[in-house]
Amino acid sequence: MAESKVASLIGNELADDYVRTHLPKGRWADTWDLFKSNFFKLVIINVFTLLFFAPGIAIVYFKDMIITQMGTVYPLSSNPLFTYPLMPNMQGLQERIYLTWDLRFNALLIVAGFIASIGLAGACYSIKKLINTHGKFTIKGYFHGVKVCYFNVVFPVTVFMLFMYASLSISDWSAAKIAMGASSGGPVTAVVFSIIATVIVGIIAMWVLAVGISYKVKLKYLFKNSFVLLFGTIIQTLFMIGFSLIPVWLLLIGTQVTLFMYLAYIIFIFFGFSFIILCWLAYTQWVFDLYITPAVKSEEEARKAKLTPKQLAAEKEENEKAVAREILAAGKSELVGRPMRPIEGATQVKEVGAAYGRADIARVAEDRKAIRGEVDAYVEEHKNDARYVEYEKLFAEREKALSTSDKKGKKKKLNRNNLLSK
């Protein structure tokens, strides 16, 4: 895949409240260190995200509770000859119950996805910030992520939820049709195709989400670059999605093994969402860095990038004063106490050959005069710089504060000329 295919992402990195710094180690070693050293931050992010997933969790819980209660009321397993009131047709009744309630509650899950996207946007932006700054996180930054990333998150989430809704509905419809005696060929084929479509859309949605929270691009380029990056790294993408979803696999295994169910619940409560997002964004950031030149700065550059012009000016002045104090320890010197014009850009005195005349001597004199004028102008321009003002001020203060004895034992006032004399 050529870099030109993702050229629209270059220079458009979404990093409103931080600056990327150099990677101290390899991508995966740094991610592992990030997970270990910032585990508590990941727990905080996970808890905040879990709060926004609460409506969806509640919908699933109430759906299961209603279906379970209906299972105790409806005579699904009794003998219809001894059941009152008589049920004229019980064939496929259980499957039709699932279909009816899944259609209702799964539609509510799409709405709950709008709320869950709030937490997902904040979590993705915060963990991306953790990855790119090697550990920086604030609650304010979490909600800043919601502000700048929500629409880029809610769109792929909603599209995926629509396909998931269709897939679950087709699955319930297929089970009901087969239970009522219909041929299984058509329903099973529909289920297989719906599952494949949902998985493909889910993979694309994860890439759209990763690009959307990492770069500021229009919707057209958001999809274009997501497809390019997906198909350029299809094998790695499938592997990393499988690895990232380990908490989900534990939850699915838990439907058959109770121990894994409890383990999955504990993981999701404390760091399940954060683990999935961290693994996926670390991988996608690695892919981005392969094809897109990152806007990386040193720690010092990153720190200065956050300062206002006023703060930068104050820091520059303080640094110059610090230089003057250090030089003070070495004693008074015209070389550092007086502005010295840099050699670069100065008037050059042309060499005089072995045979020269009066005109050559006059030319050299003019060049020297020009150089003296440039030096005097430079001194006049920079004599009030903080470095030189502080330098002179410190020596003046020392003249007032210090006194010593001369060779005859008499006290004498120190001045600039005898400041360093014994």
Side-chain angles (χ1 to χ4, degrees), residues 50 52-117 120 154-206 241 245 247-258 260-261 264-265 268:
L50 188 61
F52 293 100
F53 274 76
I57 296 172
I59 290 171
V60 173
Y61 172 77
F62 282 114
K63 182 189 74 171
D64 291 342
M65 185 178 66
I66 289 175
I67 292 176
T68 301
Q69 288 179 345
M70 293 188 69
T72 62
V73 174
Y74 277 64
L76 300 174
S77 59
S78 61
N79 190 335
L81 295 177
F82 300 96
T83 302
Y84 182 82
L86 294 176
M87 301 293 293
N89 182 12
M90 293 196 50
Q91 189 176 12
L93 178 61
Q94 184 175 1
E95 288 75 12
R96 281 180 285 163
I97 291 174
Y98 273 99
L99 175 61
T100 300
W101 289 103
D102 278 352
L103 287 172
R104 297 175 183 178
F105 279 95
N106 290 345
L108 293 177
L109 281 178
I110 298 175
V111 179
F114 286 90
I115 302 174
S117 296
L120 198 57
V154 71
F155 185 78
V157 168
T158 302
V159 171
F160 174 72
M161 291 302 297
L162 287 171
F163 273 81
M164 178 66 77
Y165 176 79
S167 180
L168 293 174
S169 300
I170 292 173
S171 179
D172 288 340
W173 167 80
S174 174
K177 292 291 287 183
I178 294 173
M180 295 175 66
S183 173
S184 62
V188 170
T189 302
V191 170
V192 170
F193 275 99
S194 67
I195 292 175
I196 293 174
T198 303
V199 170
I200 293 174
V201 169
I203 295 172
I204 296 172
M206 291 185 72
I241 288 178
L245 294 178
V248 176
W249 306 139
L250 290 175
L251 191 63
L252 294 176
I253 295 173
T255 58
Q256 304 298 324
V257 183
T258 306
F260 283 98
M261 178 69 74
Y265 285 158
F268 269 107

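Residues: numbered from 1 along the sequence shown.
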Heavy-atom pair of closest approach, residues [X] and [Y]:
X: Ile59; Y: Phe105; value: CG2-O, 3.4 Å
X: Asp172; Y: Leu99; value: CB-CD1, 3.6 Å
X: Ala190; Y: Trp173; value: CB-CZ3, 4.4 Å
X: Ser194; Y: Val191; value: OG-O, 2.7 Å
X: Thr255; Y: Met261; value: N-CE, 3.7 Å

Roughly how far apart are [X] [atom1] and [Y] [atom2], rounded to 0.5 Å?
X: Phe52; Y: Ile57; atom1: CZ; atom2: CD1; value: 13.0 Å
X: Ser184; Y: Lys177; atom1: OG; atom2: NZ; value: 12.5 Å
X: Ile203; Y: Ile241; atom1: CD1; atom2: CD1; value: 4.5 Å
X: Ile195; Y: Leu168; atom1: CD1; atom2: CG; value: 9.0 Å
X: Leu250; Y: Leu245; atom1: CG; atom2: CG; value: 11.0 Å
X: Met161; Y: Asn106; atom1: CE; atom2: CG; value: 7.5 Å

Q.
Just so I know, are the side chains of Leu50 and Phe268 near enough to count as touching, which here means a heavy-atom distance under 4.5 Å?
A.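 SC-SC contact between Leu50 and Phe268 ruled out.
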Q. With a 4.5 Å heavy-atom cut-off, do Arg104 and Leu108 have their side chains touching?
A.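 They are not in contact (no side-chain heavy atoms under 4.5 Å apart), so the answer is no.
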Q | Stepwise side chain to side chain contact (heavy atoms under 4.5 Å, CB included) test for Thr198 and Phe160 | A | CA-CA 7 Å; Thr198 303; Phe160 174 72; 3.9 Å; yes
Q. Counting only heavy atoms not in Tyr165, do more than 12 sit closer than 6.0 Å to its OH atom?
A.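 More than 12 heavy atoms, drawn from other residues, nucleotides or ligands, come within 6.0 Å of this atom.
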Q) Counting heavy atoms not belonging to Phe260, are there more than 12 under 6.0 Å from its CZ? A)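 Not buried by this count: 12 neighbours or fewer within 6.0 Å.
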Q: Applying side chain to side chain contact (heavy atoms under 4.5 Å, CB included), run through Val159 and Ile204 and close with a yes or a no.
A: CA-CA 10 Å; Val159 171; Ile204 296 172; over 6 Å; no
Q. Donor-acceptor pair, Ser167 side chain versus Phe163 backbone, under 3.5 Å?
A.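 The answer is no, because no donor-acceptor pair under 3.5 Å joins these two groups.
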Q.
Applying salt bridge (charged side-chain N to carboxylate O under 4.0 Å, His left out), can you list everything that pairs with Lys63, at least two apart in sequence or on another chain?
A.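 With sequence neighbours excluded, Lys63 shows a salt bridge (charged side-chain N to carboxylate O under 4.0 Å, His left out) to Asp102, given in chain and number order.
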